Protein chains: 4
Amino acid sequence: MRKSGSQSPTFDKIIEASLQLFNQEGERVITTNHIAERMNISTGKLYYHFRNKEEIVNELYQRYVKGMGEQLSAAINHCNSIEAMVGAMEKTLRHIWSFRFLPQSLPSLFCVNPVLAENHQQISRGQLNNKLGQLFARLREQGMLQGDDSQLQHLVQHFQMVQTGWVTSIRNSASAAELERMVEAGCRSLMYLLSPYVSPRFQQPFQRACARFA
Amino acid sequence: MRKSGSQSPTFDKIIEASLQLFNQEGERVITTNHIAERMNISTGKLYYHFRNKEEIVNELYQRYVKGMGEQLSAAINHCNSIEAMVGAMEKTLRHIWSFRFLPQSLPSLFCVNPVLAENHQQISRGQLNNKLGQLFARLREQGMLQGDDSQLQHLVQHFQMVQTGWVTSIRNSASAAELERMVEAGCRSLMYLLSPYVSPRFQQPFQRACARFA
Amino acid sequence: MRKSGSQSPTFDKIIEASLQLFNQEGERVITTNHIAERMNISTGKLYYHFRNKEEIVNELYQRYVKGMGEQLSAAINHCNSIEAMVGAMEKTLRHIWSFRFLPQSLPSLFCVNPVLAENHQQISRGQLNNKLGQLFARLREQGMLQGDDSQLQHLVQHFQMVQTGWVTSIRNSASAAELERMVEAGCRSLMYLLSPYVSPRFQQPFQRACARFA
Amino acid sequence: MRKSGSQSPTFDKIIEASLQLFNQEGERVITTNHIAERMNISTGKLYYHFRNKEEIVNELYQRYVKGMGEQLSAAINHCNSIEAMVGAMEKTLRHIWSFRFLPQSLPSLFCVNPVLAENHQQISRGQLNNKLGQLFARLREQGMLQGDDSQLQHLVQHFQMVQTGWVTSIRNSASAAELERMVEAGCRSLMYLLSPYVSPRFQQPFQRACARFA
DNA sequence: AATGAATGAGCCTTCATTCAT
DNA sequence: AATGAATGAAGGCTCATTCAT
């Protein structure tokens with residue numbers, strides 16, 4: 001996979017327009033022509049910057065993973081309070097939302113885009129998984145979470161699955177207000193998932209944080 | 001949506017061939033031509049039995065939901081032991097696996113097949129959700145599970161999301177042996193999810209059941 | 001071309017249903033399946049009675065021509081008064097209307113149905129033309145019409161073209177009331193066409209007959 | 001309806017090839033594939049310039065109407081002599097001939113192409129009708145024609161119907177020589193139609209013009 | 001006579017991609 | 001860098017017609 005990153009202003013604009021359209025209408029129904037049309041550029045220009053549609057998707061995938069990684073890293077470094085955790089969670093959900101076409105399309109893309117399948121197996125299931133594992137480990141070190149290794153390992157998986165399940169359950173056409181409510185609901189859902197593993201002495205602040213979303 | 005059910009042997013054979021191909025290759029890349037070719041029938045024959053590909057997918061969706069509903073109903077009626085529960089879980093995972101293209105394709109199908117989107121919102125998110133809720137409520141009545149209403153409600157959601165996440169994470173080309181391992185892993189994962197809500201006096205048999213999958 | 005005529009009740013029912021559908025929706029968009037469906041019979045049954053769609057159209061054409069011929073013959077035999085003429089005209093228009101798909105579809109059918117093309121050239125342009133010519137000749141004998149041979153010959157052509165033009169200009173979905181108005185308008189139009197050739201001494205009754213449609 | 005007019009050389013070539021094929025073989029049997037094949041271009045190219053066959057037909061209709069309108073306008077401006085009138089008539093017939101598939105296919109197209117139905121009702125039955133009415137009115141002003149308003153109105157209708165009837169009666173495969181004879185016959189036919197309304201003092205030049213076609 | 005499932009050629013159309021300019 | 005016309009494989013689907021029963 002090519003290294004992610006903006007190569008030129010046009011490159012970025014294509015990526016952004018694609019993301020918008022993919023999120024709105026679904027990657028499956030958006031053609032390269034749609035993207036070019038929406039941007040008022042020629043198809044030729046689009047194909048000058050990307051060899052094909054796959055490459056656009058792959059680049060978006062890279063950006064998605066990079067963003068997730070950054071947020072997890074930040075969370076790892078600032079996981080000293082329940083509030084910080086909740087804040088991180090919310091940010092993560094928003095990030096997923098801003099790439100919502102991906103969780104929706106990835107499984108169906110794998111049969112068409114083997115590069116992506118390969119990447120997902122290694123990167124996401126590797127890198128992101130790891131980081132989330134580290135985060136939970138750190139939280140255990142700090143006494144916020146408890147549980148044995150295999151419990152936390154499963155928690156990592158479940159956490160990711162619930163994130164994905166969350167974004168998949170929202171209508172693409174949700175309004176800003178609806179989104180806010182959904183983000184709150186998503187945070188609540190994730191907190192319920194963590195709740196059994198929150199240490200007794202952190203239960204109070206945790207419940208208080210939960211209340212914020214009630 | 002038309003009522004599900006076999007209308008004729010050919011109808012059923014088309015459904016079965018489609019399911020097989022969808023599961024193997026991904027619904028997105030399988031065309032009606034592929035299905036007809038694989039079955040050695042004319043496209044006309046296929047279109048005599050189904051107005052279009054959508055109708056095939058919809059019929060498969062109906063069958064999927066019907067099967068899930070039946071299994072949940074059965075589980076509700078025989079939820080007297082941990083073993084029974086685990087058995088039900090395993091059956092459910094196998095059923096999902098046998099329709100694995102659906103959890104993978106549903107999100108991307110919604111932007112193309114509005115009937116399906118509508119149905120999913122009502123049927124799955126309604127009927128199946130309800131049944132799973134009933135099952136957990138019953139388990140609580142019997143003292144196997146504990147937790148307040150909202151905890152169990154979230155457990156329902158998480159349970160479904162983990163099921164979906166599980167099937168999505170398996171390679172379509174998994175061998176029979178691999179599948180067996182994956183089913184075990186899936187059961188284990190779901191048990192970890194339930195574990196915090198298992199009543200203390202059922203923890204022992206629960207852990208024993210877990211051990212079966214270790 | 002096969003001799004026209006009812007061969008069996010089913011034969012007739014197919015013809016009638018076809019006529020109805022052709023008139024309503026246009027022969028071009030009505031398939032043999034439509035006809036069978038509308039009649040609640042199998043396609044097989046339809047094809048037992050007619051070798052193909054062409055044969056249905058041809059049979060309808062035969063009936064159309066036969067009806068026109070009969071009406072012209074009747075007119076020839078009762079052309080003693082202006083009123084009789086006008087009545088005949090009206091009947092003719094109604095008959096054309098009841099086969100209105102034909103004037104609309106004939107030209108486009110010729111490139112697909114050579115039998116029809118051949119027949120039309122000979123039958124219509126022959127038989128009907130002749131009869132209308134006879135009628136006008138008879139009217140001239142009786143002193144109602146005047147004009148030389150070539151004038152009357154052209155009148156024959158124009159008369160037919162105006163009939164065709166008339167039916168083509170009406171919406172297929174015209175209501176019964178609209179139809180009545182259109183028939184009146186059609187009669188008026190044809191009378192205007194004849195008017196210059198009506199003998200002076202018949203002008204008064206002719207104008208009176210015209211007034212009926214004013 | 002899109003404004004008529006050449007958008008590009010290819011656009012025009014497609015239109016011309018389509019017109020030729022439609023006229024030769026009948027619009028009903030000519031598919032977009034035929035057109036592309038005949039032109040030795042890819043179907044994609046054709047669909048790059050026209051969204052579908054309908055659009056090609058509509059464009060041809062626009063050109064047909066535009067041409068008719070121009071010829072009628074010219075006739076209105078130069079209707080000072082019988083000869084000019086006859087010349088205009090002949091030009092009109094040739095124009096209709098060059099779009100002969102249209103009068104043949106329009107009625108059967110209406111049930112398939114609602115845009116065309118709508119347009120025909122308004123444009124042809126409106127615009128062209130009007131112009132022809134103006135022409136006859138002008139001829140009456142100049143003393144060449146006589147007749148009351150409703151007579152001339154009907155004359156307009158009949159004139160158009162006879163034009164249509166004329167072109168419909170010619171074999172598509174007519175040779176150049178045959179065409180010449182048919183054009184003459186058509187002019188003669190139209191003159192017979194007008195003849196009763198030609199003022200007495202113009203009868204002589206009118207008959208002389210007629211003789212040209214005898 | 002009738003059924004209705006089956007055929008298959010072929011239509012319309014899309015769309016990722018290329019390429020001359 | 002960019003244009004936008006062009007390609008062509010392939011997809012979805014129709015429909016007149018056949019045929020085993």
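Quick caveat: nothing in here was measured; it's all calculated off a predicted structure. When reading the values below, keep in mind they use all heavy atoms of this one structure, side chains included, and skip hydrogens, waters and symmetry mates.
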Whole-Å distance separating the [atom1] atom of [X] from the [atom2] atom of [N]:
X	N	atom1	atom2	answer
D:Asn40	F:dG8	CG	P	11 Å
D:His49	F:dG4	NE2	P	13 Å
A:Phe50	F:dA2	CZ	C1'	15 Å
C:Leu46	E:dA1	CG	P	15 Å
A:Tyr48	E:dT18	OH	P	15 Å
C:Ile56	F:dC15	CD1	P	15 Å
D:Phe11	F:dG4	CZ	P	17 Å
C:Glu37	F:dA16	CD	P	12 Å

Is there a side-chain contact between D:Tyr47 and the phosphate of E:dT13, meaning an N or O under 4.0 Å from OP1 or OP2?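 Yes, such a contact exists.
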Hey, does the side chain of A:Thr10 come within less than 4.0 Å of F:dA1's phosphate (OP1/OP2), counting only N and O?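 No.
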If you measure only the distance, is there a donor-acceptor pair under 3.5 Å linking the side chains of C:Asn23 and C:Asn172?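 C:Asn23 vs C:Asn172: no donor-acceptor pair found between side chains.
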If only side-chain N and O atoms count, and only distance matters, is there a donor-acceptor pair under 3.5 Å linking D:Gln121 with C:Arg171?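 Note: C:Arg171 and D:Gln121 side chains miss the donor-acceptor criterion.
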Residue mapping more 5' on DNA chain F - nearest nucleotide basis, D:Ser42 or C:Lys53: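 Going by which nucleotide is closer to the 5' end, it is D:Ser42.
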Quick check on contacts: within residues 24-35 of chain B, what sits under 4.0 Å from DNA chain F by heavy-atom distance?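 Hits under 4.0 Å, by residue number: B:Thr31, B:Thr32, B:Asn33, B:His34.
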Is there a Watson-Crick or G-U wobble partner for E:dA1 with both distances under 3.5 Å, and which nucleotide is it?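 Across any shown strand, E:dA1 pairs with none.
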Given that both distances must come in under 3.5 Å, which nucleotide forms a Watson-Crick or G-U wobble pair with E:dC12?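 For E:dC12, the partner nucleotide comes out as F:dG11, under the 3.5 Å rule.
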State plainly whether the residues B:Glu27 and A:Arg28 are in salt-bridge range, i.e. N to O under 4.0 Å.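 Yes, this pair counts.
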Full working for side chain to side chain contact (heavy atoms under 4.5 Å, CB included) between C:Phe110 and C:Leu106: CA-CA 6 Å; C:Phe110 290 157; C:Leu106 274 181; 3.9 Å; yes
Drop me the distance from D:Leu46's CG to D:Glu37's CD, to the nearest 0.5 angstrom.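 Output value for this atom pair is 12.0 Å.
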For the side chain of B:Asn52, counting heavy atoms from C-beta on, which of F:dC13, F:dT7, F:dT17 is nearest?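 It is F:dC13.
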Does the plane of the ring in A:His120 sit parallel, tilted or perpendicular to the ring in A:Tyr61? Use 30° and 60° as the thresholds.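 It falls in the perpendicular class, over 60°.
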Any base atoms under 4.0 Å from A:Lys45, or only sugar-phosphate, or nothing? Heavy atoms, all strands.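 Here A:Lys45 touches the bases of the nucleic acid.
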Pair B:Phe11 and B:Phe50, ring centroids less than 6.0 Å apart: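 So the answer is yes for these two rings.
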When you match C:Thr43 and B:Thr43 each to their closest nucleotide on DNA chain E, which lands nearer the 5' end?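 This one resolves to C:Thr43.
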